[in-house]
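Notes follow once the structure below has been shown.
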Amino acid sequence: MVKEKKIKPSKETPSGFVDRKEKELLIRDFVISNIKEVMIKYGFQYLETPSFEYTDSIGKFLPDKDRPGEGVFSFKDENKWLSLRYDLTAPLARYVAKNYNEIPKPFKRYQLGTVWRNEKPGPGRYREFLQFDADYIGTKNPIADAELCLLVSEILEKCGLTKEDYIIKYSTRKITDELFEFMDESKSQKEKEINSPERRLKILRSLDKLDRLGWPEVKKLLGKGRKDKSGDFTEGADLSEQQLFKLEQVFNPENYREMKFPGTKPASEEGSQRDLIQFRQSLEAFGFKNFDMDASIIRGLEYYTGVIFEVNLNFDVKNSKGQVVQFGSIGGGGRYDNLVNNFGNIDCPATGISIGIDRLVYALMQKKDFDIKPTRPVVICVFDNVKIEEYIKLLKLLRESNISSEIYPGEGKLKKQMEYSNKIESPCVIFYGDDEIKKGEVKLRNLKTGEELSIKIENLVNEIKKLL
RNA sequence: GCACGAGUAGCUCAGCUGGUUAGAGCAGCGGUUUGUGGAACCGAAGGUCGGCAGUUCGAAUCUGCCCUCGUGUACCA
């Protein structure tokens with residue numbers, strides 16, 4: 001009598017994890033097939049590394065806490081901490097260090113794989129996503145950096161974007177390195193602290209936001225701090241007026257194209273100017289023009305050592321409610337000449353680029369109307385007075401000709417079968433009841449036009465092929 | 001993490017300042033048509049009003065805490 005209420009398991013996916021439907025998956029497949037084509041053309045090897053790595057290989061060391069640092073999903077296996085990989089670059093460095101004697105030098109590999117980040121999800125940003133990585137290991141040649149940008153742009157354009165839709169912005173970490181050295185020549189003790197690693201990182205991260213926030217806001221972050229739209233306050237880097245003024249000379253958008261400040265190393269020495277010139281010349285040598293120097297490109301990762309780049313979209317991305325949303329870049333990378341060295345005493349320069357495939361797909365779906373349609377089966381309707389063997393004969397006939405087809409898989413009347421076929425967007429249904437069997441023909445109903453034809457069984461395959 | 005906003009049927013939402021059995025549209029189910037979908041009409045069903053506690057004679061509505069989602073911000077080795 002009384003309805004018993006059971007507490008049911010949640011039907012929600014965990015925060016930051018999403019179900020992906022066929023339309024998105026098909027476009028993703030399309031993107032992936034483009035990637036593979038381009039990578040083969042550029043001469044890269046295909047590699048796969050495991051989803052889990054030892055936590056210390058991923059980059060964070062185990063603090064004396066129960067769980068390793070935030071940002072990764074980890075668990076303890078026996079006595080070792082394992083983590084789901086956070087990116088594909090650290091595992092690659094690990095792989096290279098492990099197989100250093102066997103791999104060719106330089107080593108070019110690409111990889112497609114899911115990565116996991118234990119962070120707060122944002123628009124188009126999930127805690128599980130597909131990443132594409134292409135890397136050059138064991139070369140300092142600036143052509144390698146240029147080719148990475150080139151190959152990514154080729155992928156984007158294969159996917160249907162035009163030169164107007166994206167731009168590759170670049171800079172080099174050496175700009176800030178040199179700048180910090182220069183600023184350190186200031187007198188006061190407080191100002192000297194600018195070169196402490198934490199302080200430097202904080203400043204770099206603030207500068208990284210230039211494109212999004214603009215100089216006036218970034219200035220607040222470098223100084224006392226800043227209040228965001230919601231009223232939340234972020235502590236600043238607390239630089240002196242003097243230091244702010246110096247930074248402004250370089251990073252105020254009106255100035256920062258001129259990357260020359262006292263302390264800049266001349267192009268004749270290894271340093272920022274030479275990096276930038278060589279990189280630009282390499283791109284130009286390929287005839288590639290869709291790039292722009294932008295000193296605000298800094299990137300959050302600490303391991304970068306030289307040229308860095310980012311792939312930015314030039315169009316607005318909206319969420320499901322139609323609001324324009326802070327989408328950020330869809331990919332980026334740069335030189336990390338010391339990373340492999342972390343795993344062993346191997347001096348091994350490297351450079352790489354990665355694309356967030358799911359984010360690219362998300363943006364692509366808004367920019368482009370894809371006519372990628374899922375293949376849907378021809379449905380053979382079931383009349384309950386006809387033996388199943390008759391239907392199986394028809395089914396075999398169709399499947400032998402590679403026609404996607406099925407016998408109506410449920411139970412129910414014709415009406416229900418029609419509704420089903422309509423819902424799955426089947427191209428056509430087949431009626432094969434007593435009347436048809438007697439005449440040795442079938443009725444073929446085109447579900448788009450509603451047109452219905454009587455067809456001899458011998459002609460069935462051909463008639464259906466005409467419809468598809 | 002921090003800030004702001006939101007959580008009512010499978011989905012999209014209404015329900016204003018607390019007041020009888022909580023509503024609509026769409027979807028789903030059944031029927032009008034037991035051999036014909038995408039249209040229409042009819043009918044029935046579907047809800048611990050995110051959770052817990054409190055205020056009150058009385059809470060979807062007010063208060064507190066928690067959870068989840070969204071946006072911004074921080075973080076992103």
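Chain letters run A, B, ... following the sequence lines, proteins first, then strands; residues in each count from 1.
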| query | Closer than 4.0 Å, any side-chain N/O of Lys413(A) to the OP1 or OP2 of rG31(B)? | reply | yes

| message | Using atom P in both nucleotides, what's the gap between rG64(B) and rC75(B) to the nearest angstrom? | response | 31 Å

| query | If you look only at pairs with a residue in residues 348-357 of chain A, which of them pass as a salt bridge (charged side-chain N to carboxylate O under 4.0 Å, His left out), with sequence neighbours excluded? | reply | none

| said: Taking rA22(B) as the reference, what is the distance to rC13(B) when you measure between their C1' atoms (whole Å, please)? | reply: 14 Å

| task | Check the side chains of Thr89(A) and Asp133(A) for a donor-acceptor pair under 3.5 angstrom, ignoring hydrogens and angles. | result | yes

| query | For Arg399(A), which residues count as a salt bridge (charged side-chain N to carboxylate O under 4.0 Å, His left out) partner, sequence neighbours excluded? | reply | none

| Between Asn341(A) and Asp347(A), is any side-chain donor less than 3.5 angstrom from a side-chain acceptor? | no

| field | Interatomic distance where CD1 belongs to Ile430(A) and C1' belongs to rG35(B) [whole Å] | value | 15 Å

| said: One thing to verify: whether Lys169(A) and Asp211(A) come together as a salt bridge, which I'm taking to mean a side-chain N less than 4.0 angstrom from a carboxylate O. | reply: no

| task | Report which part of the nucleic acid Tyr420(A) touches: base, sugar-phosphate, or nothing (heavy-atom distance under 4.0 Å, all strands). | result | nothing

| Side-chain donor-acceptor pair under 3.5 Å between Thr49(A) and Gln111(A), yes or no? | yes

| task | Take the protein atom CG of Leu444(A) and the nucleotide atom P of rU36(B), then report the distance between them rounded to whole Å. | result | 18 Å

| field | Comparing Pro14(A) and Arg125(A) on RNA chain B - which has the more 5′ nearest nucleotide | value | Pro14(A)

| said: When the P atoms of rU21(B) and rC66(B) are compared, how many Å lie between them, rounded to an integer? | reply: 33 Å

| message | Other residues, nucleotides and ligands only: do more than 12 of their heavy atoms fall within 6.0 Å of NZ on Lys105(A)? | response | yes

| request: Rounded to the nearest angstrom, tell me the gap between atom NZ in Lys229(A) and atom P in rG70(B). | output: 16 Å

| How many Å lie between CD on Glu451(A) and C1' on rU36(B), as a whole number? | 15 Å

| Taking atom P of rC11(B) as reference, at what distance in whole Å does atom NZ of Lys21(A) sit? | 12 Å

| field | Under-4.0 Å side-chain N/O to phosphate OP1/OP2 contact, Arg212(A) with rG72(B) | value | no

| task | Assess whether atom CD of Glu48(A) is packed by more than 12 heavy atoms of other residues, nucleotides or ligands within 6.0 Å. | result | no

| field | Between rG50(B) and rU17(B) - P atom distance, rounded Å | value | 16 Å

| Any chance the rings of Tyr126(A) and Phe17(A) have centres within less than 6.0 Å? | no

| request: For Leu221(A) and rA74(B), give me the distance from atom CG to atom C1', rounded to whole Å. | output: 10 Å

| said: What I want to check is whether an N or O donor and acceptor connect the side chain of Gln417(A) with the base of rU36(B) at under 3.5 Å. | reply: no

| Honestly, is Lys227(A) close enough over Phe233(A), meaning NZ or CZ under 6.0 Å from the six-membered ring centre and within 45° of the axis? | no

Tabulated below should be each protein N or O lying under 3.5 Å from an N or O of nucleotides 2-5 of chain B; please produce it.
unit_1	atom_1	unit_2	atom_2	d
rC2(B)	O2'	Asp232(A)	OD1	2.7
rC2(B)	O2	Asp232(A)	OD2	2.7
rA3(B)	O2'	Ser230(A)	O	2.5
rA3(B)	N3	Ser230(A)	OG	3.1

| message | What's Glu217(A) touching, base or sugar-phosphate or nothing? Going by heavy atoms closer than 4.0 Å. | response | nothing

| request: Write down the distance separating the C1' atoms in rG19(B) and rC62(B), rounded off to the nearest Å. | output: 14 Å

| said: Tell me which pairs pass salt bridge (charged side-chain N to carboxylate O under 4.0 Å, His left out) where either residue lies in residues 456-468 of chain A, with sequence neighbours left out. | reply: Glu441(A)-Lys456(A), Glu463(A)-Lys466(A)

| task | Determine the interatomic distance between C1' on rA59(B) and the same-named atom on rG51(B); round to the nearest Å. | result | 15 Å

| query | For atom P, what is the distance between rU71(B) and rA27(B), given to the nearest Å? | reply | 28 Å

| When the distance from CZ of Arg226(A) to P of rA74(B) is rounded to whole Å, what number comes out? | 6 Å

| request: Check the side chains of Thr305(A) and Asn338(A) for a donor-acceptor pair under 3.5 angstrom, ignoring hydrogens and angles. | output: no

| message | Taking rA6(B) as the reference, what is the distance to rA14(B) when you measure between their P atoms (whole Å, please)? | response | 11 Å

| said: Taking the minimum atom-to-atom distance to the side chain of Lys423(A), which one of rG35(B), rC75(B), rA27(B) wins? | reply: rA27(B)

| remark: Separation of rC69(B) atom P from Phe17(A) atom CZ, nearest Å, is 11 Å

| said: Quick one, Lys174(A) with Asp275(A), criterion salt bridge (Lys or Arg N to Asp or Glu O under 4.0 Å). Give me CA distance, side-chain angles, the key distance, then yes/no. | reply: CA-CA 8 Å; Lys174(A) 286 173 191 161; Asp275(A) 259 22; 3.2 Å; yes

| request: Describe, in one word, how the ring planes of Tyr46(A) and Tyr110(A) are oriented to each other, choosing from parallel (under 30°), tilted (30 to 60°) and perpendicular (over 60°). | output: parallel

| message | Using a 4.0 Å heavy-atom cut-off, does Ser421(A) contact any base of the nucleic acid, only the sugar-phosphate backbone, or nothing at all? | response | nothing

| query | Pairs counted as Watson-Crick or G-U wobble with both distances under 3.5 Å: what dot-bracket string results for RNA chain B, using | for bases tied to another strand? | reply | (((((((..((((.....[...))))..((((.......))))......(((((..]....))))))))))))....

| field | Toward the 5' end of RNA chain B, by each residue's nearest nucleotide, Leu339(A) or Ser15(A) | value | Ser15(A)

| query | How would nucleotides 38-43 of chain B be written as a contact map, 5' to 3', with B for base contact, S for sugar-phosphate-only contact and - for no contact, using protein heavy atoms under 4.0 Å? | reply | B-----

| Looking across every strand, which nucleic acid part, if any, lies under 4.0 Å from Asp87(A) by heavy atom: base, sugar-phosphate, or nothing? | nothing

| Between the base of rG35(B) and the side chain of Glu436(A), is there a donor-acceptor distance below 3.5 Å? | yes

